[in-house]
Amino acid sequence: MRTVDLIEKKADGLELSEEEIRFLISGFVAGDIPDYQMSAFMMAVRLNGMTPGETAALTMIMMHSGDIADLSMLKGVKLDKHSTGGVGDTTTLVVAPLVAACGGTVAKMSGRGLGHTGGTLDKLESVPGLKVEQTMEDFIRIVEENGVAVIGQSGNLVPADKMMYALRDVTATVCSIPLIASSIMSKKLASGADAIVLDVKTGSGAFMRTLEESFELAKTMVSIGTLTGRKVRAVVTDMNQPLGMAVGNALELKEAIELLSGQIPETDPLYEVCMLLGVQMLMLAGLAENETDARSSLKAAIDSGKGLARLKRMVELQGGDSSYIDPVKINELCQVKQKIEVRSTKAGYVSAMEAEKIGNAAQMLGAGREKKGDPVDPAVGLVMKVRCGDHVSMNQPLCTLYVNDDRRLNEVIALILEAIDIEDTNTGRKPMVYGIVTDRDL
Ligand code: URA
Ligand code: CA
């Protein structure tokens with residue numbers, strides 16, 4: 001086999017065999033295939049796509065390029081969830097403990113935040129002492145006791161993805177649906193879960209900006225899961241405004257604690273998406289017969305405080321000071337030098353928000369990182385005061401900034417004002433949930 005012939009074949013729009021894909025990926029990971037050939041191949045994939053069989057084969061080959069977590073010691077269906085990345089998306093911190101309280105086994109490996117979206121690990125690390133790096137033995141012990149743990153991915157999880165992503169980033173091949181789907185699913189499969197619920201974000205703050213692309217990504221990932229013997233469902237949810245009101249690490253943890261304490265109404269978008277994800281997880285695990293039962297189990301876990309107790313115990317077992325997992329005490333982790341209101345410069349209705357800009361504003365305050373390894377400030381960020389569809393008057397606060405370092409403050413305020421469109425007429429609230437994709441939809 002010659003690499004150049006395989007690039008040619010994909011450039012001609014033909015289907016590659018599993019052996020041919022293995023040759024390319026293994027050769028690249030081993031250093032036998034140079035970056036320029038892998039880049040040319042990935043551009044051919046971007047332009048011509050891949051069949052479901054090719055995409056599943058690519059995913060399996062990538063998955064086997066490094067460590068694979070063995071969760072077989074854990075009883076029951078091992079559940080995982082994944083979000084393609086959103087602003088103010090603190091669903092994991094709510095759903096994982098809630099599902100555990102309903103009898104689920106949630107052994108989750110998570111990523112760090114990069115760019116405009118926050119990472120679950122960074123949010124958890126806002127609790128003093130909490131360690132997201134755990135040995136496999138400790139991880140399994142914590143899940144066995146508590147039904148839930150959230151840790152960082154092992155350094156050698158899917159090295160093929162790290163190498164490919166580094167090239168995609170600089171060769172305009174990030175946006176290819178088969179490449180995104182195989183990147184995400186290879187890591188999910190290597191993390192060892194039997195059943196995975198995927199939250200595919202759509203809109204201004206998401207990878208996929210149109211509904212059509214978002215559903216295609218959702219279907220591609222469900223197809224990979226089904227072809228590789230896992231139970232996978234995907235939901236497509238809105239990212240045209242931050243999901244929760246809080247954007248920032250401790251601020252988002254605080255919002256998760258409030259939701260788990262029953263302080264956030266059911267009509268709230270964050271609540272709605274958390275319920276949707278939790279319902280799908282319970283149904284995939286066979287822990288609920290239908291949506292209605294799943295929903296009432298989840299609600300009962302909020303009302304009884306059992307979900308919050310799981311989060312608290314998880315923090316403790318992972319070495320953190322669990323006294324902060326409390327709706328009052330958590331405020332101590334959100335102490336900043338100054339809080340600044342960003343006020344509306346006109347009256348009207350909030351017609352749209354650019355979630356990416358709001359995420360970037362929080363990042364500029366120190367809540368997120370521009371490049372891998374940058375430090376984050378757990379306390380800073382912002383809390384939105386309005387949602388799409390709300391009426392605002394002149395000078396009304398649109399959001400509160402939590403600031404420690406005010407060097408980029410003017411830039412941040414300008415970005416927030418730019419991100420929130422205010423019009424004379426009310427265009428109404430947007431739906432939060434666009435659809436659910438199961439293996440029956442393929
Ligand atoms: N997230 C990933 O893990 N990989 C991609 O390619 C895109 C988003
Ligand atoms: Ca604008």
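Just so you know, these numbers use all the heavy atoms, side chains as well, and skip hydrogens, waters and symmetry mates. As the structure lists them, so they are numbered: ligands from 1, and atoms in each ligand from 1.
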Exercise. Will you find, in the side chains of S154 and N156, an N or O donor that is under 3.5 Å from an N or O acceptor?
Worked result: no

Exercise. Hey, are T51 and E15 close enough side-chain-wise for a donor-acceptor pair under 3.5 Å?
Worked result: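 Short answer, yes.
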
Problem set entry | Proximity flag T84 to ligand 1, non-hydrogen atoms under 4.0 Å |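 It does not; every heavy atom stays at 4.0 Å or beyond.
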
Problem set entry | Numbered atoms of ligand 1 (with element) below 4.0 Å of F207, judged on heavy atoms |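 Atoms satisfying the 4.0 Å criterion: 7 (C), 8 (C).
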
Problem set entry | Per-atom contacts, ligand 1 versus S183 - under 4.0 Å to a heavy atom |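 Counting from 1, the qualifying ligand atoms are 2 (C), 3 (O), 4 (N), 5 (C), 6 (O).
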
Flag the pair [X] and [Y] as a salt bridge only when some basic side-chain nitrogen lies within less than 4.0 angstrom of an acidic carboxylate oxygen.
X    : Y    : result
K10  : E20  : no
E145 : R310 : no
D89  : K201 : yes

Problem set entry | Which residue and heavy atom of the protein sit nearest atom 3 (O) of ligand 1, plus the separation | K187 NZ, 2.5 Å

Problem set entry | Nearest-contact summary for atom 1 (N) of ligand 1 - protein heavy atom, Å |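 Protein heavy atom at minimum distance: I184 CG1, 3.7 Å.
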
Exercise. Purely on distance, is any nitrogen or oxygen of R168 under 3.5 Å from one on ligand 1?
Worked result: yes

